[in-house]
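Just so you know, ligand 1 is whichever comes first in the structure, and atom 1 is the first atom listed for that ligand. FYI, the numbering just counts along the sequence from 1.
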Amino acid sequence: MIWGRCLVSAGRQGCRCKVSFIKRHYGFLPDDVKSLRAVVSPDISKIRNIGIMAHIDAGKTTTTERMLYYSGYTRALGDVDDGDTVTDFMAQERERGITIQSAAVTFDWNSHRINLIDTPGHVDFTLEVERALRVLDGAVAVFDASAGVEAQTMTVWRQAEKHNIPCVCFLNKMDKPAADLKFSMESIRQKLKANPVLLQVPVGSGKNFSGVVDLLTNQKLIWKPGSARDDGRVFDTQTLDQCDEPELVQEVGEARAALIEQVADLDDEFAELLLTKFSDDFDAVPPVKLQEAVRRVTLTRKGVPVLCGSSLRNKGVQPLLDAITAYLPAPDERHHDLVRWYKDDLCALAFKVLHDKQRGPLVFLRIYSGTVKPQTAVHNLSRNCTERMSRLLVPFADQHVEIGSMSAGNIALTVGLKQTVTGDTIVASKASAAAAARRAQNHSGSGEGERPDIILSGVEIPDPVFFCTIEPPTMAKQADLENALSCLQREDPSLKVRMDPDSGQIILCGMGELHIEILHDRIRREYGIEAHLGPLQVAYRETVLFEASATNTLDRTVGERRHVATVQLTVRPAEGAACEVTFTKELEEQLSAGMKEAVKSGVDSSFLQGPVLGSPVQGVSALIQSVGAEAGTSPTMVSACVSRCMLKALKLAGGQVLEPVMSLEVTVGEEHLGAVLGDLAQRRGVVRDIQSRHDDKVLLASAPLAEMMGYSTALRTLTSGNATFSLELDAYEPMSTQDQNSLLRRVTGLL
Ligand code: GDP
Ligand code: MG
């Protein structure tokens, strides 16, 4: 009944309805869901699991909103600037206008099912991007056509490359006076080392940008301004008029010839077709043949189709949707190696966990094989436990539609999985996992030894670079805080929580300032705890400068039992960041497996807490030269003896602090460049290059993370808000003696 009323008022007063849906937090009105019957598992060839990747502010959220609108799933156009979009559904995102959570959104277009994952653009959330890419089959890269390829896109692009994900590029913001097609194409070529395949020519530029000519069909698509609602739903399609616009006709003719030539270069099948059947007139090649060839080129990543438009001005989004269905792969066109061992049994990856106050944890699954059904038990292979799935939902924005089953290729939202953590592999049962393991083993023929890999690889979690203490407002809230943190950790494995053994304080470790700030905010909003954060600190590492040896003897009586152990070892700097422990040849033969374990665990614990600051150690190798233990000595005591000996050796080998150094890209107007450079010099920054981009300067630099705290505020002040920047961890680098000493003085309070 409530719906009925809402719909009536919506008919008369669109805006009021818009306001009410924000308040009630419904993404859209149920009537707008096209037909719930359509929400069955579609044929796998019709599914597209797509992500949108972009630099912050390029227009991902706006583009996603337009897609939902044109496909009929939202009634009103959401606007990021008003803070009422469907995908940016967390309160902080609305306030900050950035996309943090990769929310999955499902909708249909052209009888295809599109599952869209809105990936975040902020560098603090690269893990979210990585997690999203892991379950995608294709991606749309959205660019600001006046800026071309920006730093964060390069990072995400590299990640997409790693996962072999075919992409389509969308040059957004063509309505901006500074929009520049040629420049953007060139920057895709230069910065992404990709091969852009232009499929459209824009009609008009800047404010007069009104549409595009589709180079495959020679059709002109025009969005007429000033139409009744001007929402871009309706647009004119006409064959390019020969006499009407001679300049455009010529431009299109040249661009089409270039396209045909380029595709022929990249695709042998198309080249052969041209030469055998259309050698007289390349232009006569049927659009469908050209489209098939572009698809092959896209799927093999030999090229990336490029389209243009303006999401904010409601132009060019429908052809982008067409391109998603036409060029990007269906799930069964992607190669997921180990999935075949499961045959038709369920194999799925939990790629996202969200906490819902009423329903408990919601787990997003990407189904690789088999089918999931509600009210069934599934086996979590990563955690080796069996859990019951109570309900199965399709994630239409923040509206979740219940469904009876879901098959391979889809993305599903499940209720009831309580143990599952982001990154876990979910299968039908223990028995089905065993069967898959058998198939894998028979195939490899290896027989014994190696356990065949039947677990989907989860997301690589980078080490956190920041940490701070967190305290509940009162001791009574301690348990609540711990509970909130453990829920948040299941959602976000890049958050690490540990207890300081000396002070008993809880320590939060995260990926960046914003990451920790957002977590703090969520603890307040979602769990109602006014937690207290200590000052943000940088996570340092330590290494050694030279070789050193040490010996240590432990002699301790606990109760009746006397433990006596002696160890001698050498540490030295090693190549790369890893730490390793080896034994001399004799020890390798003499020592029992149990003794070796005890020694190794002693060494490992000393690598966790270096001798200078107590930070993790990297790039050190330890050689164990002798170990002796009298009868009755426990392995724990051997470990303790080794660990103390390691500490001595690491100290003797000259502890060196390594600090995270970031690569920084700042885009700023020329008039503010001096101020930005001056500020950067005070932050121990090193400028690597200054490039020009239209009227702006792009500053490439590196700077220690410790000096970059509060940079976004500082930059805003320095440039009156006329600059953007991105930061990315470059490497851990040794600090100069002077910097290290002043850090030590600060840390030990001897200032
Ligand atoms: P995101 O950070 O990539 O999600 O980008 P948003 O969708 O939040 O958009 C960032 C800003 O760019 C907002 O102020 C949008 O209104 C604006 N914007 C998005 N698309 C366009 C466009 O096509 N043209 C212009 N001129 N501005 C746009
Ligand atoms: Mg956004």
Just distances here: any N/O of Thr63 and N/O of ligand 1 closer than 3.5 Å?
->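 No: no nitrogen or oxygen of Thr63 is under 3.5 Å from one in ligand 1.
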Looking only at N/O atoms, are Lys173 and ligand 1 under 3.5 Å apart anywhere?
->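 N/O-N/O distance below 3.5 Å exists for this pair.
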Atoms in ligand 1 flagged as close to [X], the criterion being non-hydrogen separation under 4.0 Å:
{"X": "Ser311", "value": "23 (O)"}
{"X": "Lys60", "value": "1 (P), 3 (O), 4 (O), 5 (O), 7 (O)"}
{"X": "Gly59", "value": "1 (P), 3 (O), 5 (O), 6 (P), 7 (O), 9 (O)"}

Give the C-alpha distance, both sets of side-chain angles, the deciding distance and a yes or no for salt bridge (Lys or Arg N to Asp or Glu O under 4.0 Å) between Arg301 and Glu161.
-> CA-CA 9 Å; Arg301 287 185 56 96; Glu161 222 156 33; 3.6 Å; yes
Backbone of Phe364 reached by a side-chain donor or acceptor of Lys352 within 3.5 Å = no
Salt-bridge present (Lys220, Glu245; N to O < 4.0 Å) | yes
Among side-chain atoms of Thr63 and Ser311, is any donor-acceptor pair under 3.5 angstrom?
->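 Judged by distance alone, the side chains do pair up.
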Between Asn115 and Thr106: side-chain donor-acceptor atoms closer than 3.5 Å = yes
Option nearest atom 10 (C) of ligand 1 (shortest heavy-atom distance, choices Asn314, Val317, Thr61, Asp57) | Asp57
Between the candidates Val142, Leu312, Asp144, Asp175, which shows the shortest non-hydrogen contact distance to atom 27 (N) of ligand 1?
->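 Closest candidate by heavy-atom distance is Leu312.
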Point-to-point distance, once rounded to the nearest 0.5 Å, from NZ of Lys193 to CZ of Arg158 |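 Taking NZ in Lys193 and CZ in Arg158, the distance rounds to 10.5 Å.
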Ligand 1 versus Ser310: contacting region, heavy-atom distance under 4.0 Å = both
Proximity to ligand 1 by part of Lys176, non-hydrogen separation under 4.0 Å | side chain
Among Tyr70, Trp223, Tyr69, the one residue meeting side chain to side chain donor-acceptor pair (under 3.5 Å) with Asp231 = Tyr69
